[in-house]
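For reference, the structure is listed below as structure tokens.
Predicted model, so just to flag it, every value in this text is computed and none were measured. Proteins get letters first, then strands, A, B, ... in listed order; numbering begins at 1 in each.
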There are 2 protein chains.
Amino acid sequence: MTERKPRKDAARNRQAVLEAADALFGRCESPEELTMADIAAAAGVGKGTLFRAFGDRTGLLRALYEARLEPVREAVETGPPPLGPATPPRERVPALLDALLCFKLDNRRLALALEETGSSSPYQAGHYDWWHGVLRSALEEVPGMADAGFAAHALLAATRADLVERLAGREGVERERLRAQLAGYAARFLTAR
Amino acid sequence: MTERKPRKDAARNRQAVLEAADALFGRCESPEELTMADIAAAAGVGKGTLFRAFGDRTGLLRALYEARLEPVREAVETGPPPLGPATPPRERVPALLDALLCFKLDNRRLALALEETGSSSPYQAGHYDWWHGVLRSALEEVPGMADAGFAAHALLAATRADLVERLAGREGVERERLRAQLAGYAARFLTAR
DNA sequence: AAAGATACGGACCCCGGGTCCGTTTTTCAA
DNA sequence: TTGAAAAACGGACCCGGGGTCCGTATCTTT
């Protein structure tokens with residue numbers, strides 16, 4: 001047993017930081033102008049505390065992201081159709097992509113901040129592998145689907161945070177239109193052969 | 001006439017920097033550990049010179065990238081099939097994607113460095129818009145293709161530098177296999193309906 | 001050849017991520 | 001209840017890298 005329950009103040013501060021950061025990311029324009037010191041200040045906490053709780057900037061971003069993602073993850077793993085595991089693949093694949101797109105739209109700044117951290121992100125954040133695994137297995141069940149692994153990567157790439165930011169942000173494409181476009185793209189891919 | 005021809009030493013130094021940086025990016029492991037000071041030193045030049053010539057880090061990266069891309073650009077704009085403009089779209093689209101993939105494979109570090117600069121890159125680097133324009137017009141000529149603009153974005157996303165880095169680098173997928181996978185993906189998308 | 005224009009280069013500035021350590025709070029056993 | 005050990009606090013501090021500045025060197029032009 002290497003688990004020791006954290007001290008009360010530590011838990012409280014961790015929570016405060018999470019909430020403050022969450023709020024700040026929602027407010028700010030671009031995520032890289034949001035400094036660790038800012039977040040610490042907003043949470044009423046010292047920088048040391050922040051780094052002790054999350055290790056580094058990436059750690060904090062990941063924790064935030066993970067918390068936000070949790071409901072989606074649950075819906076995908078144990079929820080009802082069209083997201084849950086009981087859905088037939090031709091229906092589930094677009095549903096997964098749509099859920100991911102909506103998630104990125106709802107968490108633009110955060111996803112952006114996380115995906116542009118260090119080299120070969122977001123491919124080393126745990127959730128990517130999870131998404132890839134789920135999508136891949138769904139694709140594998142589609143008759144005539146070759147290279148489901150690569151296809152999963154390629155489809156996921158269509159929801160990259162910076163692409164979403166460009167389309168929804170800079171070009172002003174509305175949410176529903178973007179969802180429709182992605183759905184159309186996925187549908188075309190799925191109906192092939 | 002705002003054009004004035006540059007002084008001889010300026011031109012020489014610019015060239016030296018370009019060559020030094022090019023060599024260094026080929027050699028180094030990950031691009032973010034390659035500092036401006038390093039490049040200046042390798043080129044036998046002061047930091048000031050480097051920044052005067054290229055503005056900032058991104059400027060240098062762009063100049064390098066542009067120089068490397070030039071031949072490809074030419075092949076696409078005025079070359080013979082399957083890359084050139086005379087190619088029928090169903091053949092040209094995969095050819096374009098393959099050329100882009102090969103380019104990224106041949107310039108992994110550089111592409112990586114450029115794509116992870118600042119927020120919403122690489123979508124603000126000029127060459128992206130160019131690729132997107134070319135691919136989009138090719139797709140528009142495919143019968144039954146809806147939303148060619150989005151499709152172009154999505155297909156381009158499948159060649160993102162960090163994805164290529166993960167597949168070719170971390171997972172060790174060989175060049176030919178990766179090309180085949182991308183080709184298969186594109187083919188499936190194109191033959192739909 | 002000499003002066004005006006342009007470029008050089010490295011010391012210097014700034015800012016943000018990350019660390020350190022003296023102080024404070026919590027925990028827990030006696 | 002208490003006191004001492006363990007854990008957390010927080011902000012001054014460090015460091016490295018991008019970018020600037022300006023006195024000096026080089027080129028260009030007449």
SB check E115(A) K104(A) (cutoff 4.0 Å):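 K104(A) and E115(A): salt-bridged.
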
Using a strict 4.0 Å threshold on nitrogen-to-oxygen distance, state whether R136(B) and D129(B) make a salt bridge.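 Answer for the salt bridge query: no.
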
Is there a donor-acceptor pair closer than 3.5 Å between any side-chain N or O of [X] and the backbone N or O of [Y]?
X	Y	result
R188(A)	F189(B)	yes
R108(B)	A161(B)	no
R62(B)	H127(B)	no

Could you check whether any side-chain heavy atom of F103(B) comes within less than 4.5 Å of a side-chain heavy atom of L110(B), counting everything from C-beta outward?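 A side-chain contact is absent here, since even the closest heavy-atom pair is not under 4.5 Å.
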
Between Y128(A) and R166(B), is any pair of side-chain heavy atoms under 4.5 Å apart?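 In contact.
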
With the criterion being N/O to N/O and under 3.5 Å, what pairs connect the protein with nucleotides 26-30 of chain C, and how long is each?
residue: dT27(C); atom: OP1; partner: K8(A); partner atom: N; Å: 3.4

Considering only heavy atoms, which members of residues 13-46 of chain A lie under 4.0 Å from some atom of DNA chain C?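 Within this stretch, T35(A), M36(A) sit under 4.0 Å of the strand.
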
Does anything in residues 55-67 of chain A reach DNA chain C, meaning a heavy atom under 4.0 Å, and if so which residues?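 The stretch gives D56(A), R57(A) as the residues lying under 4.0 Å from the strand, ordered by number.
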
side-chain hydrogen bond (donor to acceptor under 3.5 Å, both in side chains) with N13(B): which residues, sequence neighbours excluded?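 Once residues adjacent in sequence are excluded, N13(B) has no partner under the side-chain hydrogen bond (donor to acceptor under 3.5 Å, both in side chains) criterion.
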
Do you know which two heavy atoms are closest between A186(B) and L97(B), and how far apart they sit?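 Scanning both residues, the minimum pair turns out to be CB-CD1, 3.8 Å.
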
First and last nucleotide of DNA chain D touching chain A, 5' to 3', heavy-atom cut-off 4.0 Å?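 Contact boundaries, 5' end first: dA6(D) to dG11(D).
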
Could you name each residue pair satisfying side-chain hydrogen bond (donor to acceptor under 3.5 Å, both in side chains) that touches residues 34-53 of chain B, not counting sequence neighbours?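 For residues 34-53 of chain B, and leaving out neighbouring residues, there are no side-chain hydrogen bond (donor to acceptor under 3.5 Å, both in side chains) pairs at all.
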
Tell me whether V72(B) shares a hydrophobic cluster with L112(B), the cluster being built from Ile, Leu, Val, Met, Phe, Trp, Tyr side chains joined at under 4.5 Å.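 Looking at the clustering, L112(B) is in a separate group from V72(B).
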
Under 30°, 30 to 60°, or over 60°: which ring-plane class applies to H132(B) and H153(B), parallel, tilted or perpendicular?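 Ring orientation of H132(B) relative to H153(B): parallel.
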
